[in-house]
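All remarks here apply to the structure that follows.
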There are 2 protein chains.
Amino acid sequence: MATHTSPLPHSDALSLLELARDAIACSTEPEFHGLIHRLRRVLPFDCAVCAWGDVGLAMEKGAAATGLVDVGYPPEYVDVYVRNGYQNRDLVLRDFLVTGEPQNFVTVEKRHPGGRRNVVRRLDRDHGLLDGWAYGVVNAYGEFSSVFFFAGRQTDRSARAAAVLEHAVPHLTEALKRVLRGRAAVLRYGLTPCEVEVLKWVKDGKSSWEISVILGKSERCVNFHVANAVRKLGAANRTHAVAIAVAKGIVDL
Amino acid sequence: MATHTSPLPHSDALSLLELARDAIACSTEPEFHGLIHRLRRVLPFDCAVCAWGDVGLAMEKGAAATGLVDVGYPPEYVDVYVRNGYQNRDLVLRDFLVTGEPQNFVTVEKRHPGGRRNVVRRLDRDHGLLDGWAYGVVNAYGEFSSVFFFAGRQTDRSARAAAVLEHAVPHLTEALKRVLRGRAAVLRYGLTPCEVEVLKWVKDGKSSWEISVILGKSERCVNFHVANAVRKLGAANRTHAVAIAVAKGIVDL
DNA sequence: AAAAAACCTGTCAAATCTGACAGGGACCGA
DNA sequence: TCGGTCCCTGTCAGATTTGACAGGTTTTTT
């Protein structure tokens, strides 16, 4: 058997194995936060944030088509970043999307002429997030993708840190997929809360009349929302719409 | 950070990390076989087999409610084992189900008076599978569970071997879930091939008339199979049946 | 303040689904 | 050989969905 040339120390590898195993059982947002805190013991950082969704759609529609899971990032930071569309000027994000590999904030800054004056770097410095990493899982158009940022005053910039992220982040992404089942698709198809609501009841086999009694609205109103959901999902009828909604996690059994 | 007291050597931990990462992308049976062969480099064995399905249902209905994925086990062995219902007399399987921990064949044999004369052990010896391990993931009634057997002339019986399985098997189980999406549920609900077939077309939004044209059967025949599928799935109508079928992986989008 | 989006409701006809009656043949396992 | 299972088909009535016309109010965003 070929020997490994991995930069991961033994204790890191064992911690990551346990994290990978425990990520399988993760199904709620608090559990997901717990995984991020577990990761912090292997690779210290002050805060993390994950942008998730359909990367292709995010390119078209920007932040409106993306979700965020915030684990300790300063809310003002996130607000300014999103409102100004800074993902379009983020050198670290760009270099990650281009290379597919973990990107260190400082390393990227030094790589680009004028990197120090970049608006995102200035925002980083304003909030004391002088260093950190970006890494994620980027899938095809229409699939769930993620980009994580782990930031702080300083971080380990070595190949070991990159290796930690390369092993941890795919499992964190799988866990996040389970936690967020459906939210990406609701965003993608632009379904309104009423449309999702009626789909849930249709999925349970209720007739439009039964749903109207349950929701206290007219049968006509229910049919109106069902028809809108069918159209937005590109379905042929309500059965087809339910199939799509269940498959995409918009509604659960 | 607390130091680990894991029996896993560094190189094993790294190999398992890569196995765990690659298991995420596994979605076909050949890829799954590839993962098993990868595992063999960490923990040598001659052959493996996985019994999967709903453990509760398997207790009720035996082998009829269980699937098998065979990676090198002698077919005659598997045939004799299944036909004689040897899972009910398998001390290794029993000890695994009781403890939830990896069980070594020889260790179990020595633990039980008369273990050497056990029919499964005799079958093992007849086929040269003198040693090996059993380990799996057992979930609640109605959920996908697995039990893997890794066997050969001899295997590593140390705590290291058990630790390898404890880290590898959960990821193999998740991979197998993806590979086998739905087969467990078809078994569980007792759906016939025609019932699954019409569900696929209904799921795509086709009317019974359209499906009858596609399949070259009468519309009455299609409705008959749809109604049977609805009843077997315990659904209120075809829309509800499709929701269940998609959720359980019986049909895919 | 204005525009857009979301939500709500009525009526009617045609299409489709559901339930219930009727009947049959082929194949497999005990 | 017999019983069970799977698959196939016809007819009919009532229930539900679908599509298309008509109209409205409230909330949110710019």
Side-chain angles (χ1 to χ4, degrees), chain A residues 61-65 79 82-85 186-245, chain B residues 61-65 79 82-85 186-245:
Chain A
K61 297 185 169 181
D79 182 60
V82 168
R83 228 178 337 95
N84 291 285
V186 168
L187 219 49
R188 170 185 178 75
Y189 290 103
L191 293 172
T192 70
C194 280
E195 287 159 3
V196 176
E197 176 81 29
V198 298
L199 275 180
K200 280 173 177 166
W201 294 106
V202 173
K203 172 263 298 169
D204 285 336
K206 301 297 184 191
S207 67
S208 293
W209 177 79
E210 288 170 313
I211 300 171
S212 72
V213 170
I214 290 165
L215 298 184
K217 317 224 173 138
S218 76
E219 188 179 353
R220 185 64 194 80
C221 175
V222 170
N223 280 327
F224 172 75
H225 291 308
V226 171
N228 279 350
V230 168
R231 174 177 55 77
K232 287 179 176 178
L233 293 169
N237 52 34
R238 66 177 58 192
T239 304
H240 192 190
V242 159
I244 296 169
Chain B
K61 297 184 167 182
D79 183 56
V82 169
R83 216 160 8 79
N84 292 285
V186 168
L187 220 48
R188 169 185 178 75
Y189 289 105
L191 294 172
T192 69
C194 281
E195 288 158 3
V196 176
E197 176 79 30
V198 298
L199 275 181
K200 280 173 178 167
W201 294 107
V202 173
K203 172 263 297 171
D204 285 338
K206 303 295 185 191
S207 65
S208 292
W209 177 80
E210 288 170 313
I211 300 171
S212 70
V213 170
I214 291 167
L215 298 183
K217 318 234 171 115
S218 76
E219 189 178 352
R220 185 67 194 81
C221 176
V222 170
N223 279 327
F224 171 75
H225 290 308
V226 171
N228 280 350
V230 168
R231 174 175 54 78
K232 287 179 176 180
L233 293 170
N237 52 36
R238 67 178 58 194
T239 305
H240 192 191
V242 160
I244 296 169

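Bear in mind that the values here come from a model prediction, so they are computed numbers and not experimental data. Letters A, B, ... are given to chains in the order of the sequence lines, protein chains preceding strands, and every chain is numbered from 1.
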Using the test side chain to side chain donor-acceptor pair (under 3.5 Å), find all partners of A:Glu210 that sit at least two apart in sequence or belong to another chain.
A:Ser207
Using residues 222-232 of chain A as the side-chain source, report each donor-acceptor pair under 3.5 Å to any protein atom, sequence neighbours left out, with the distance given to one decimal.
from, atom 1, to, atom 2, distance (Å)
A:Asn223, OD1, A:Ser208, OG, 2.7
A:Asn223, OD1, A:Arg238, NH2, 3.1
A:Asn228, OD1, A:Arg231, NH2, 3.4
A:Lys232, NZ, A:Gly190, O, 2.9
A:Lys232, NZ, A:Glu195, OE1, 2.9
A:Lys232, NZ, A:Glu195, OE2, 3.2

Residue pairs meeting salt bridge (charged side-chain N to carboxylate O under 4.0 Å, His left out), one or both in residues 212-229 of chain A, sequence neighbours left out, come to none
Work out how much the helix from C:dA1-D:dT30 to C:dA30-D:dT1 bends between its end axes, five pairs an end, to the nearest 10 degrees.
70°
Please give me the minimum heavy-atom distance between A:Ala241 and A:Ala235, naming the atom from each residue.
N-CB, 3.4 Å
For A:Ser218 and A:Ser212, work out which heavy atoms get closest and say how close.
C-CB, 3.7 Å
Kindly compute the distance separating SG (B:Cys194) from CG (B:Leu215), expressed to the nearest 0.5 Å.
8.0 Å
For nucleotides 2-7 of chain C, give me one character per nucleotide, 5' to 3': B if any protein heavy atom sits under 4.0 Å from the base, S if the only such contacts are to the sugar-phosphate, - if neither.
----SB
Point-to-point distance, once rounded to the nearest 0.5 Å, from CG of B:Leu233 to CZ of B:Arg188:
10.5 Å
For chain B and DNA chain D, what are the first and last nucleotides along the strand, 5' to 3', with at least one atom under 4.0 angstrom from a heavy atom of the protein chain?
D:dC6 to D:dT11
Give the minimum heavy-atom separation between A:Ala236 and B:Gly205, together with the two atoms involved.
CB-O, 3.8 Å
Pairs under 3.5 angstrom only: tabulate donor-acceptor contacts from the side chains of residues 196-204 of chain B to other protein residues two or more places apart or in another chain.
from, atom 1, to, atom 2, distance (Å)
B:Glu197, OE2, B:Trp201, NE1, 2.9
B:Lys203, NZ, B:Asp252, O, 2.8

Would you tabulate the pairs of protein nitrogen or oxygen atoms and nucleotide nitrogen or oxygen atoms of nucleotides 14-18 of chain C closer than 3.5 angstrom?
from, atom 1, to, atom 2, distance (Å)
C:dC17, OP1, B:Arg238, NH1, 2.9
C:dC17, OP2, B:Ser208, N, 3.1
C:dC17, OP2, B:Ser208, OG, 3.3
C:dT18, OP1, B:Arg238, N, 3.0
C:dT18, OP2, B:Arg238, NE, 2.7
C:dT18, OP2, B:Arg238, NH2, 3.3

